[in-house]
Amino acid sequence: MAAHTARACGIDFGTSNSTVGWLRPEQPALLTLEDGKITLPSVVFFNYEEDHSVFGRMALQEYIDGYEGRLMRSLKSLLGSSLIDSQTEVQGRALPFRQLLTLFIKELKLRAESAAGRAFDEVVLGRPVYFVDDNPQADKLAEDTLAEIARQVGFKDISFQLEPIAAAFDYEAGIEREELVLIVDIGGGTSDFTLIRLSPERRSVAERRDDILATGGVHIGGTDFDRQLSLHGVMPLFGFKSRLRNNAEMPSSQYFNLATWHTINFAYTRKAWMDLQDVHRDASEPAVLDRLFRLIQQRAGHWLAMEVEAAKIALSNQDQHTLRLDQIEPGLQCALGREEFNQSIDGMLRQIGKTVDQLLTDAQVRAEQIDTVFFTGGSSGVPALRDSVSALLPQARHVEGNLFGSIGNGLAIEAFKRYGAA
Ligand SMILES: Nc1ncnc2c1ncn2[C@@H]1O[C@H](COP(=O)(O)OP(=O)(O)OP(=O)(O)O)[C@@H](O)[C@H]1O
Ligand SMILES: [Mg+2]
């Protein structure tokens with residue numbers, strides 16, 4: 001617990017969930033943002049019937065309740081994507097994606113301020129090691145865009161800290177001797193790694209650059225696992241990989257759109273619909289395509305993606321999970337197994353493993369030298385992922401942090417260090 005009240009807050013704007021941390025005495029750092037919970041899901045729903053926009057769990061609820069409207073998820077994925085300069089249609093009006101992000105960050109600030117009972121002018125924003133892989137210019141642009149949005153919603157002083165370093169500060173708050181730690185943060189959109197020297201004595205040091213031996217990251221996260229599970233286990237029921245009468249493969253773009261959170265709405269365009277009508281004539285299994293048509297007509301893409309995500313989370317604790325798809329076709333079910341899920345993400349786990357190997361090489365550190373692997377981020381819940389990272393560092397101690405709160409906690413510590421007491 002902190003001895004002082006901090007002047008600034010820290011914001012962990014995540015692909016799936018966001019948190020705001022603020023250090024103050026006698027209280028946990030993470031502010032409650034919705035229904036007494038420390039996370040606000042990074043989701044906006046434009047409810048056309050009620051003519052309002054809602055955020056977080058309430059957005060998901062109104063969407064599930066069947067209100068007509070538009071659901072926007074994975075907002076952070078827009079940063080660093082070429083979509084950021086384009087717009088989307090909401091209730092017949094053009095909404096620039098930038099403005100969509102601004103709406104969400106503004107809401108986050110308002111809720112944090114209402115929970116804190118004061119305004120914040122200074123903020124430390126978390127950022128992934130890479131917003132964009134292998135493209136420093138695009139990466140810089142993504143950070144600049146986020147800074148500009150933070151300024152627009154009223155922050156006057158804005159600085160950044162890498163998300164995994166923030167997670168490291170959270171772990172460091174509780175250790176008793178020096179350790180060499182690999183921080184593994186697997187969230188919704190990115191996997192980030194930091195090799196860092198932590199110790200009780202170093203906590204008070206302001207500049208920690210020398211303690212960071214290496215950072216690495218790759219643009220893979222839980223939403224990619226959702227996509228893989230959907231493409232491997234669910235989309236084939238809707239005709240993905242089926243054949244046309246001339247033996248050509250069914251065009252795949254709408255399946256990819258439906259399996260990817262931030263492109264689901266693209267499957268609802270008039271053009272997509274016309275294209276699918278065209279292929280329907282050539283389909284060898286038209287009944288399967290009829291399911292796809294119902295899915296699109298019902299605008300049920302987000303519902304299905306949520307079911308797939310829930311199945312993925314269930315498979316972290318059990319071997320089997322069955323999706324019930326009666327809404328699409330009475331009696332339609334889809335059995336998913338953990339083994340099948342593991343296979344579908346195998347290539348991604350290998351990429352994650354390579355990133356860890358590369359990081360050790362960059363740092364010129366042998367696996368045996370690492371004392372602890374600290375896991376955070378919701379996707380650290382996937383057993384195959386923890387196992388594959390742990391297998392690379394068999395001698396290290398494995399610690400599971402607060403999967404959803406470590407970064408916000410660490411950013412709160414950093415905000416106090418940088419901006420001082422109120
Ligand atoms: N028990 C679980 N098993 C597997 N995955 C889980 C579990 N719980 C949550 N997830 C996944 O974790 C992801 C969200 O994690 P988190 O909230 O850490 O991400 P984020 O911080 O929003 O994303 P990022 O840091 O990449 O921007 C989602 O993809 C969610 O499906
Ligand atoms: Mg995160």
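Computation of the quantities below employed the complete heavy-atom set of this structure, encompassing side-chain atoms and omitting hydrogens, waters and symmetry-equivalent molecules. In each ligand, atom 1 is the first atom listed, and ligand 1 is the first ligand listed.
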Checklist outcome for this item: One should read off an interatomic distance between Ile212 CD1 and Arg208 CZ, to the nearest 0.5 angstrom, of 8.0 Å
Item to check | Neighbouring protein residues of ligand 1 - any heavy atom closer than 4.0 Å | outcome: Gly14, Thr15, Ser16, Asn17, Lys76, Glu163, Gly187, Gly188, Gly189, Thr190, Gly222, Thr223, Glu309, Lys312, Ile313, Ser316, Gly377, Gly378, Ser379, Gly381, Val382, Leu403, Phe404
Checklist entry - Can Glu400 and Arg386 be counted as an ion pair, charged N to O under 4.0 angstrom? => result yes
Item to check | Partner set under salt bridge (charged side-chain N to carboxylate O under 4.0 Å, His left out) for Glu201, not counting sequence neighbours | outcome: none
Checklist entry - Between Tyr130 and His219, is the gap from one ring center to the other below 6.0 Å? => result no
Next on the checklist: Going by side chain to side chain donor-acceptor pair (under 3.5 Å), name the residues that satisfy it together with Gln91, two or more places apart in sequence or in a different chain.
Outcome noted: none
Checklist outcome for this item: Sequence neighbours excluded, the answer for side-chain contact (heavy atoms from CB on, under 4.5 Å) partners of Arg118 is Trp22, Ala116, Phe120, Ala422
